[in-house]
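Each chain gets a letter, A, B and so on, in the order its sequence line appears, and its residues count up from 1.
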Number of protein chains: 2
Amino acid sequence: MHITEKLDKYHETSNKITFSFEYFVPKTTQGVQNLYDRMDRMYEASLPQFIDITWNAGGGRLSQMSTELVATSQSVLGLETCMHLTCTNMPLQQIDDALESAYNSGCQNILALRGDPPRDSQEWTPVEGGFHYAKDLVSYIKKKYGNHFQIGVAGYPEGHPEETISSNNLKFLKEKVDAGANFIITQMFYDTDNFIQWCKEVRAYGIDVPIIPGIMPITTYAAFLRRASWGSISIPEEFMTRLEPIKDDDELVREVGTQLVVKMCQKLIDSGYINHLHLYTMNLEKAPLMILERLGLLPTEGEVISQNASNFPWRKSLNPSRKNEVVRPIFWKHRPYSYVARTSQWAVDEFPNGRFGDSSSPAFGGLDLCGSQLIRQSPKKSLELWSTPKTFNDIALLINNYLTGKLVCLPWSDIPLNHEVDSMLHNLLHLNNKLIFTINSQPQINGIRSNDKIHGWGPKDGYVYQKQYLEFLLPKVKLPNLEKSLEGNEMMTYFAVDLNGNLTSNHPDGSRANAVTWGIFPGREVLQPTIVEKVSFLAWKEEFYRIIEEWKLTLKDYNALESVALLDSLAHDYVLVNIVDNDFVSEEDKIYELLINL
Amino acid sequence: MHITEKLDKYHETSNKITFSFEYFVPKTTQGVQNLYDRMDRMYEASLPQFIDITWNAGGGRLSQMSTELVATSQSVLGLETCMHLTCTNMPLQQIDDALESAYNSGCQNILALRGDPPRDSQEWTPVEGGFHYAKDLVSYIKKKYGNHFQIGVAGYPEGHPEETISSNNLKFLKEKVDAGANFIITQMFYDTDNFIQWCKEVRAYGIDVPIIPGIMPITTYAAFLRRASWGSISIPEEFMTRLEPIKDDDELVREVGTQLVVKMCQKLIDSGYINHLHLYTMNLEKAPLMILERLGLLPTEGEVISQNASNFPWRKSLNPSRKNEVVRPIFWKHRPYSYVARTSQWAVDEFPNGRFGDSSSPAFGGLDLCGSQLIRQSPKKSLELWSTPKTFNDIALLINNYLTGKLVCLPWSDIPLNHEVDSMLHNLLHLNNKLIFTINSQPQINGIRSNDKIHGWGPKDGYVYQKQYLEFLLPKVKLPNLEKSLEGNEMMTYFAVDLNGNLTSNHPDGSRANAVTWGIFPGREVLQPTIVEKVSFLAWKEEFYRIIEEWKLTLKDYNALESVALLDSLAHDYVLVNIVDNDFVSEEDKIYELLINL
């Protein structure tokens with residue numbers, strides 16, 4: 001959605017000041033993974049209206065990481081995302097590529113900047129065939145994409161460091177707005193009076209698009225000084241008087257800095273010129289949230305509920321091409337990144353029923369769409385997390401540590417569990433101890449209110465339901481017993497598949513999807529956001545065994561040969577099985593009873 | 001489905017003899033309506049594999065009634081239907097028309113006959129441009145429709161009355177089969193030994209399609225003799241010896257006749273030549289069912305359940321163009337004929353989600369598709385049924401008589417209630433007594449087994465649910481109170497509309513469908529076969545007020561002017577309202593509580 005539209009919509013019914021976060025692109029893949037987790041936590045804690053992602057110019061891997069970050073935050077994390085785009089070091093072809101990838105990832109907002117001079121140069125010079133000024137970039141985007149993108153531009157309340165004639169400040173800003181910009185995000189500043197005066201002048205100059213102040217939290221004294229000097233901005237006396245004496249106490253600096261910034265924001269709000277704050281997070285979590293908390297801008301419980309109302313058990317993607325998506329297979333419950341990546345090539349009309357239209361079509365994108373790595377941890381990090389398991393008992397321990405929250409992820413689970421399996425926990429732990437390895441699960445729920453803190457989802461006043469589900473690795477020797485036990489049992493339906501794709505099942509009609517999560521809401525059709533079905537299970541099986549293979553390679557690199565042999569055995573001597581207990585009314589854990597007695 | 005395919009499928013898993021019913025086309029519209037009810041009752045009591053409908057040649061209204069009967073039984077009643085088609089008095093154009101209408105109504109089986117000579121002629125002569133022989137008709141259908149239709153032809157175990165050379169009997173039959181016939185239905189007979197001998201000869205002659213014996217029940221002595229002589233068939237001595245002495249006692253004739261026919265059928269079955277009986281019902285209910293009962297061919301409870309499993313709360317249409325239909329608006333619950341007629345023009349791809357694709361499209365066929373009359377009773381019959389109500393209390397009495405089973409239909413309800421509202425009955429009666437007229441309703445159901453005798457539907461081992469629903473006529477003066485009471489109440493959602501289309505509602509999003517019946521089944525997606533929504537309610541409102549208008553016209557013809565004025569007032573001084581109580585978990589009758597306190 002366009003940013004100003006989103007803000008207008010919010011302010012129609014609320015006087016509350018809105019805010020947004022800016023993140024920069026980390027240098028390593030691991031840093032990117034960590035940032036996703038942080039962005040997600042910050043979103044859940046504060047509900048920003050949008051986020052923006054800085055641009056890594058120069059093409060190649062760095063630019064690709066910017067666009068990947070934009071795509072993931074928009075499509076997987078469901079955050080309204082604004083992408084920075086600069087003229088620095090950007091030939092036209094790279095501008096075109098960046099815009100195209102933003103378009104494809106569903107991004108609808110661009111912050112068009114000239115950009116800073118390259119590090120090795122004092123003076124800014126345009127690249128051959130690129131743009132001179134931000135206004136040229138604005139015009140170009142408008143010309144090429146019409147109104148698809150909303151375009152933001154930078155405002156400089158204290159003048160641009162390269163500006164020599166002060167009257168040019170408003171002139172240049174007006175030119176950018178006249179070229180088609182829809183909103184202004186300002187450079188950081190601390191001089192509130194000057195900002196308010198500048199707003200007055202902007203308006204008097206006939207510029208009437210929204211002005212969004214850029215707010216830089218104060219984290220350490222050194223960073224505070226460095227950033228201010230780098231942007232050539234003035235520091236009010238109060239800031240120096242209060243911060244200088246405590247400059248060596250980081251914690252105190254953060255506390256006093258927060259007080260100063262909060263006071264400044266309050267003054268901005270009171271001025272009436274702004275109704276939105278844009279926080280430069282510097283990829284940190286605590287300082288921006290502290291500011292929002294002090295300002296009373298963190299969401300109320302009602303706002304959190306109403307935000308969750310638009311979500312299913314999974315976060316709805318904000319990529320417009322996925323707007324009709326209402327169903328996902330359960331297998332990727334803890335792997336949203338790879339699920340969205342694999343299905344990112346589906347055209348809009350491939351979601352005719354809110355999901356892959358014909359479940360018998362080979363609709364799952366290839367594994368190559370998931371990026372280079374299926375395991376979202378660097379080799380070093382994965383060794384830290386999971387060490388070098390040498391026995392099946394070590395595997396059991398890893399899984400049980402994940403189940404009890406001691407581990408935040410596993411090779412096949414990117415996101416932490418959220419108390420959702422608490423009611424099955426004891427049985428899951430026991431199964432792992434018995435060397436039946438649990439991969440994914442959900443408990444039976446026979447109608448609880450949709451606002452339940454753990455299992456609730458969807459609009460208010462509804463009831464949600466779940467069929468119990470368990471996916472696990474079963475020793476191959478036990479498979480015949482399982483098959484025999486479940487033969488003809490239509491209430492407990494299973495699929496079992498080995499590394500080589502040998503599939504057995506007791507489903508009467510394997511092509512049918514089994515809804516395992518559904519909800520009943522006032523005035524609506526039944527929503528059924530999670531399913532189990534053969535075709536997607538087989539796609540997931542490929543992914544699962546490729547994850548094991550990747551993990552093996554990492555361990556091999558560390559010469560953990562015992563672990564490699566163990567994973568080999570896991571792949572060859574076990575089968576991947578899922579079972580649904582279709583009797584969601586009974587409260588017995590029949591799947592556990594079955595497995596423990598095999 | 002093709003008849004032989006259907007029979008083969010059944011006999012793959014069961015040794016039980018199957019059967020079918022033949023009906024002829026009544027002469028009056030009222031007769032047709034009555035026949036529908038009878039066909040429906042006989043279907044529910046016995047589950048025939050198919051039915052067939054005789055042909056009224058000559059074009060015009062009579063032929064139209066044949067094709068309408070075929071369309072209705074296939075599409076509305078969900079009976080696999082075989083249409084007779086004769087060469088008698090049928091120019092090619094009429095044959096084409098008949099085949100086209102059969103095709104459009106989803107019929108896939110034709111019994112191709114030469115037909116009897118016209119009544120006013122002793123000798124059969126072909127009509128100009130028509131066909132001479134049944135085999136020509138068979139070839140023509142094959143040529144024109146390929147394998148769309150399965151084609152049956154007549155067999156004459158005792159020779160055709162017009163046949164002079166007996167060896168022609170098998171020759172002609174072979175020619176018809178060679179032309180493309182898929183099965184043989186024989187002329188009636190009583191001489192079992194002769195039939196078995198004939199079957200032997202048919203097989204020896206190289207004819208290997210299924211032979212289906214035509215069985216004529218014995219209802220009265222006169223009819224028995226007349227039919228036998230008319231078909232020139234021989235009557236075994238035992239039949240005469242046992243029936244002649246009791247010929248004046250109709251009841252005894254039916255009893256002894258049934259014994260004789262049952263014995264004969266048993267012998268046929270024992271011969272091994274046949275596994276299916278085709279009963280000429282002569283549009284009577286009792287005699288064919290008695291025969292089936294004595295033969296032990298009525299369905300077991302298990303068979304009834306498994307048959308119902310393929311149905312929703314409404315009977316699934318067998319018209320292939322409706323095969324994806326899984327949702328219907330609740331408004332036509334007791335008017336299946338008009339619902340199917342109105343939606344009969346929907347193309348297959350207009351059921352992309354098992355229903356009208358875009359609920360905001362004006363997808364409802366015009367009222368002109370419902371045939372000439374919306375009230376499915378002749379003026380005379382409607383007077384008998386509903387008399388001439390003079391006061392609102394008379395209307396209340398009529399509705400309450402319908403609710404308590406004393407009346408089988410109302411102008412706006414074609415089919416009887418089935419204990420489905422028992423739990424609400426007391427409150428419904430009370431509302432009518434208070435002159436709030438109930439039109440349609442269903443009680444709240446919070447999960448009962450899908451094989452429940454009254455509310456169950458769908459596959460076995462499931463749970464079905466309902467939101468309470470009430471549609472009613474409310475005195476216009478009470479509407480403001482209703483609106484006020486339900487303002488902002490998202491748990492009780494209503495639509496109210498008057499004769500002129502003035503609509504009020506508290507739905508937050510009027511374009512959304514509200515699923516009011518749904519079911520959860522092992523290994524499947526959630527089924528949600530009945531919905532409430534604005535666009536279809538507005539289509540239903542048009543139909544409802546047109547029904548009142550038609551009823552008024554009938555009463556006017558009988559000069560019941562007081563009744564006419566009453567219905568005028570009903571149309572102008574009342575509004576049509578529906579309310580859904582979205583809280584299907586609570587057991588209170590909140591809709592009643594609301595209305596009674598308005």
Side-chain angles (χ1 to χ4, degrees), chain A residues 309 324 326-327 349 352-355 357-359 446-450 459-463 465-467 489-495 505-534 579-586, chain B residues 309 324 326-327 349 352-355 357-359 446-450 459-463 465-467 489-495 505-534 579-586:
Chain A
N324 294 325
V326 292
V327 180
D349 58 2
N353 299 319
R355 56 180 292 229
D358 177 1
S359 69
N446 183 18
I448 56 165
R449 299 309 294 242
S450 58
K460 65 176 180 166
D461 293 335
Y463 291 90
Y465 296 79
Q466 290 181 180
K467 292 179 180 173
N489 183 343
E490 288 180 37
M491 287 307 265
M492 296 257 275
T493 41
Y494 78 95
F495 289 107
S505 171
N506 67 348
H507 275 260
D509 178 354
S511 67
R512 224 151 44 192
N514 189 354
V516 292
T517 308
W518 65 99
I520 315 295
F521 302 94
R524 288 177 182 254
E525 297 194 58
V526 179
L527 302 178
Q528 36 185 333
T530 342
I531 56 163
V532 164
E533 51 149 28
K534 187 170 76 179
I579 301 185
V580 176
D581 179 359
N582 288 284
D583 188 357
F584 60 99
V585 170
S586 149
Chain B
N324 294 325
V326 293
V327 179
D349 57 4
N353 298 321
R355 57 180 293 228
D358 177 1
S359 69
N446 183 16
I448 55 166
R449 299 309 295 242
S450 57
K460 66 176 180 167
D461 293 334
Y463 290 90
Y465 296 77
Q466 291 181 181
K467 291 178 181 174
N489 184 342
E490 287 180 37
M491 286 308 266
M492 296 257 276
T493 40
Y494 79 95
F495 289 106
S505 171
N506 67 347
H507 275 261
D509 178 354
S511 67
R512 223 151 47 191
N514 189 353
V516 293
T517 308
W518 66 97
I520 316 297
F521 302 94
R524 289 178 182 255
E525 295 195 59
V526 178
L527 303 178
Q528 36 185 335
T530 342
I531 56 164
V532 164
E533 50 148 29
K534 187 171 77 177
I579 300 185
V580 176
D581 180 359
N582 288 285
D583 187 359
F584 61 97
V585 171
S586 149

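Of the two parts of A/Gln528, only the side chain, counted from C-beta on, holds a non-hydrogen atom closer than 4.5 Å to a non-hydrogen atom of chain B. With a threshold of 4.5 angstrom between heavy atoms, A/Val526 approaches chain B through its backbone and through its side chain. There is no contact between A/Asp581 and chain B, counting heavy-atom distances below 4.5 Å. For A/Phe521, the part sitting under 4.5 Å from any heavy atom of chain B is the backbone (N, CA, C, O) and nothing else.
The closest side-chain heavy-atom distance from B/Ile520 to A/Trp518 is below 4.5 Å.
Atom OH of residue A/Tyr463 and atom OH of residue B/Tyr465 lie 12.0 Å apart, to the nearest 0.5 angstrom.
Of the listed residues (B/Val532, B/Val516, B/Asp461), the greatest number of heavy-atom pairs within a distance under 4.5 Å of chain A belongs to B/Asp461. The candidate with the highest count of non-hydrogen atom pairs below 4.5 Å against chain B, out of A/Pro522, A/Ala515, A/Gly462, is A/Pro522. Between chain A and the options B/Asn582, B/Asn514, B/Val585, heavy-atom pairs under 4.5 Å are most frequent for B/Asn514.
Here the closest heavy-atom approach between residue A/Lys467 and residue B/Arg524 is recorded as NZ-O, 4.1 Å.
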